[in-house]
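Data block below; observations after.
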Protein chains: 2
Amino acid sequence: MNPSEPPTQQPASRRIAEELRRRIRDGEIPAGEKLPSERALAEEFGAARNTAREAVRLLAEQGLVTAKHGRGVFVREPQKLFRFGSDRYSIKNRETGLTPFRLEAQRQGKVPRIDVLYIERETPPLDVAERLGVPSGEQSVVHRENHYFADDEPVQIVSTYLRWDEAQGTLLMQPKTGKDGIYGRLEDLGHVMTRVRDEISARMPTPEEARFLQLLPGVPVLEVLHTSLDQDLQPFEVSRYVHRADQTGLLYELPVE
Amino acid sequence: MNPSEPPTQQPASRRIAEELRRRIRDGEIPAGEKLPSERALAEEFGAARNTAREAVRLLAEQGLVTAKHGRGVFVREPQKLFRFGSDRYSIKNRETGLTPFRLEAQRQGKVPRIDVLYIERETPPLDVAERLGVPSGEQSVVHRENHYFADDEPVQIVSTYLRWDEAQGTLLMQPKTGKDGIYGRLEDLGHVMTRVRDEISARMPTPEEARFLQLLPGVPVLEVLHTSLDQDLQPFEVSRYVHRADQTGLLYELPVE
DNA sequence: AGCCCCAACTGGCTTGAGCCACTTACTGGC
DNA sequence: GCCAGTAAGTGGCTCAAGCCAGTTGGGGCT
């Protein structure tokens with residue numbers, strides 16, 4: 001009960017986790033290697049298997065290790081990030097005729113794949129309606145839901161929202177939107193992308209997201225709510241990106257105004 | 001064993017978690033309210049207390065609920081975000097004489113506090129050395145470590161790295177850096193901030209970060225590796241921001257170039 | 001040689017029990 | 001009226017045991 005220091009004895013599970021963390025940090029158990037089995041840890045630390053198990057769970061929650069049923073618990077290898085840069089909207093890239101994602105993938109030597117899940121007229125979520133400047137009580141938008149893959153690994157889930165009055169009857173309602181993708185078609189409609197506004201947050205995935213993205217425990221997602229503004233600073237497109245955070249990062253390079 | 005659908009019976013803990021998630025989503029248990037006790041859940045679902053407990057843990061891991069020792073488990077209230085905008089470096093804000101964080105806090109009606117933990121000459125981490133353009137094998141930088149609070153709630157941890165050859169003997173080595181903070185002093189040295197590059201990722205906190213930021217289980221952190229470039233596009237400052245993701249978001253608004 | 005099956009290992013999940021620490025509300029004494 | 005003490009309720013943590021479900025490798029059969 002000496003308040004000068006906190007020798008408050010840690011729970012056994014945390015002590016075991018701490019020791020394993022040390023071994024991993026010090027390279028005694030290198031990345032990709034297997035931890036001792038739960039039963040072995042229990043014996044080594046003189047604890048019940050459940051307690052050793054709890055320790056492993058703590059490490060998994062932090063994203064340090066990952067368990068393979070029937071095989072063992074492995075130290076997770078640091079992943080190199082698939083990077084999404086703020087220049088992905090750049091005019092300069094238009095000449096390639098590729099959509100932003102395909103361009104980024106190609107740049108990083110990955111094979112891109114995009115699954116179009118559905119394209120439907122909908123009533124927009126509140127935050128989207130606000131940003132797109134449409135009413136939220138009616139079917140004022142078209143919602144395009146896509147899944148993105150790099151080398152067949154799921155990378156992000158994207159929901160794109162467009163004004164129904166603009167998209168109606170155009171290629172924007174089709175899976176294949178033609179040259180330069182939806183931004184090409186929106187330009188045809190007179191919207192030149194002049195500014196973008198990205199609102200970024202992070203959170204743990206919902207069970208559905210975890211399933212889609214094949215997320216292991218302890219991996220959060222990055223959520224980007226993106227708004228495109230045209231030459232009149234009018235918003236004409238809103239997208240919600242959900243990235244797996246263990247394999248993706250964001251890069252923003254911008255002038256100080 | 002019918003492969004047409006996945007009726008693979010869920011583990012009991014997951015079924016219970018699913019049901020609780022539904023009750024929360026449908027508003028049967030509103031935000032801020034208490035869940036049934038672990039013992040009550042166990043009885044209701046005909047499971048052992050440990051199983052009910054596991055279900056609650058799943059929800060906590062996802063950041064949906066939070067347990068208060070001795071009181072109960074509560075549905076977490078959605079937090080409004082303390083927002084960090086890309087215009088926080090803007091020249092326009094210079095006239096206020098406030099540092100970026102103080103300005104943001106004031107804008108959002110919060111009381112800012114900054115604790116300067118230490119200011120020391122150090123050998124830089126590899127990623128910092130790369131971006132700042134200094135050697136990583138020697139004590140080539142000054143490291144300023146700060147903790148930021150809004151209304152006395154910890155908000156972010158910031159490590160700022162400056163070139164030792166520039167900072168040596170200046171106010172940059174002092175806790176109080178004068179008007180406009182370190183950016184003011186760096187301007188005195190001839191570095192006008194012209195562009196910034198922010199690299200953003202998300203991950204689960206280390207135990208130390210969780211302690212500092214008072215993070216509940218299931219809350220990730222946002223990490224921003226920030227580089228300031230001057231009028232010659234030379235990097236002159238690198239900072240690593242670690243934000244708690246449940247109360248902070250990032251806003252980037254930029255021109256499409 | 002090739003294949004199959006089974007034993008032995010791994011983690012996944014649950015049970016029921018017990019003790020501890022923290023919180024709250026009530027109750028009784030002053 | 002106030003306050004201290006206490007009982008009852010909560011989550012925190014651990015134990016010992018058991019069964020299930022993937023994985024792996026070796027032994028034996030064909």
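Worth saying up front: this structure is predicted, and the values here are computed from it rather than measured. Labels below follow one simple rule: chain letters A, B, ... track the order of the sequence lines, proteins then strands, and each chain is numbered from 1.
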*Taking OP1 and OP2 of D:dT10, is either one under 4.0 Å from a side-chain nitrogen or oxygen of B:S37?*
yes
*asked:* Counting the atoms with a prime plus P, OP1 and OP2 as sugar-phosphate, which does A:R57 contact under 4.0 Å by heavy atoms, base, sugar-phosphate, or nothing?
replied: nothing
*Indicate whether OP1 or OP2 belonging to D:dG18 is found under 4.0 Å from a side-chain N or O atom of A:R49.*
no
*Return yes if a side-chain donor-acceptor contact under 3.5 Å exists between B:E145 and B:S159, otherwise no.*
yes
_Side-chain donor-acceptor contact under 3.5 Å, A:H143 with A:T160_ = no
*Starting at atom CG of B:N50, determine the distance to atom C1' of C:dG12, rounded to an integer number of angstrom.*
14 Å
*Among C:dC13, D:dG12, C:dG12, the one nearest B:E38 by side-chain distance*: D:dG12
*Expressed in angstrom and rounded to an integer, what is the separation of A:R39 atom CZ from D:dC15 atom C1'?*
15 Å
*Please state how far atom CD in B:E43 lies from atom P in C:dA17, giving the value in whole angstrom units.*
14 Å
*asked:* Using the rule given for side-chain contact (heavy atoms from CB on, under 4.5 Å), can you reason through B:V219 versus B:M204, listing the C-alpha separation, both sets of side-chain angles and the distance that settles it, and then say yes or no?
replied: CA-CA 7 Å; B:V219 178; B:M204 295 313 284; over 6 Å; no
*Could you walk me through whether B:Q62 and B:R21 pass the side-chain hydrogen bond (donor to acceptor under 3.5 Å, both in side chains) check?*
CA-CA 10 Å; B:Q62 201 203 320; B:R21 219 191 307 273; 2.2 Å; yes
_Please determine whether a side-chain nitrogen or oxygen atom of B:T51 lies at a distance below 4.0 Å from atom OP1 or OP2 of C:dC13._
no
*When the C1' atoms of the five terminal pairs at each end define the local axes, what inter-axis angle does the helix from C:dA1-D:dT30 to C:dC30-D:dG1 show, to 10 degrees?*
10°
_Is the phosphate of D:dG12 approached by B:R53 (side-chain N or O, under 4.0 Å from OP1 or OP2)?_
yes
_Distance-only donor-acceptor test (3.5 Å): side chain A:R71, base D:dG22_ = no
*Could you check A:G70 against A:A47 and say which one's nearest nucleotide on DNA chain D is further toward the 5' end?*
A:A47
*Whole Å only: how far is the CD atom of A:E54 from the C1' atom of D:dA16?*
17 Å
*Would you kindly compare A:P11 and B:A40 by the position of their nearest DNA chain D nucleotide and give the one closer to the 5′ end?*
B:A40
*Between P of D:dG9 and CG of B:L41, the distance in whole Å*: 16 Å
_Hydrogens and angles aside, do B:S239 and B:E237 bring a side-chain donor and acceptor to less than 3.5 Å of each other?_
yes
*Roughly, in whole Å, what's the span from CG in A:L58 to P in D:dG12?*
13 Å
*asked:* In terms of relative ring orientation, are A:Y252 and B:Y252 parallel, tilted or perpendicular, with 30° and 60° separating the classes?
replied: parallel
*Using whole Å, report how far CZ of A:R14 lies from C1' of C:dC20.*
15 Å
*Take atom CZ of A:F74 and atom C1' of C:dC9, then tell me their distance rounded to the nearest Å.*
12 Å
*Cationic N near anionic O, under 4.0 Å, B:E209 to B:R203*: yes
_Mind checking if B:V56 touches a base, just sugar-phosphate, or nothing, with heavy atoms under 4.0 Å?_
nothing
*Going by 5.5 Å between centroids and 30° between planes, is there a stack of A:H69 over C:dG12?*
no
*Report the residue from B:E223, B:H243, B:H147 that forms a side chain to side chain contact (heavy atoms under 4.5 Å, CB included) with B:I157.*
B:H147
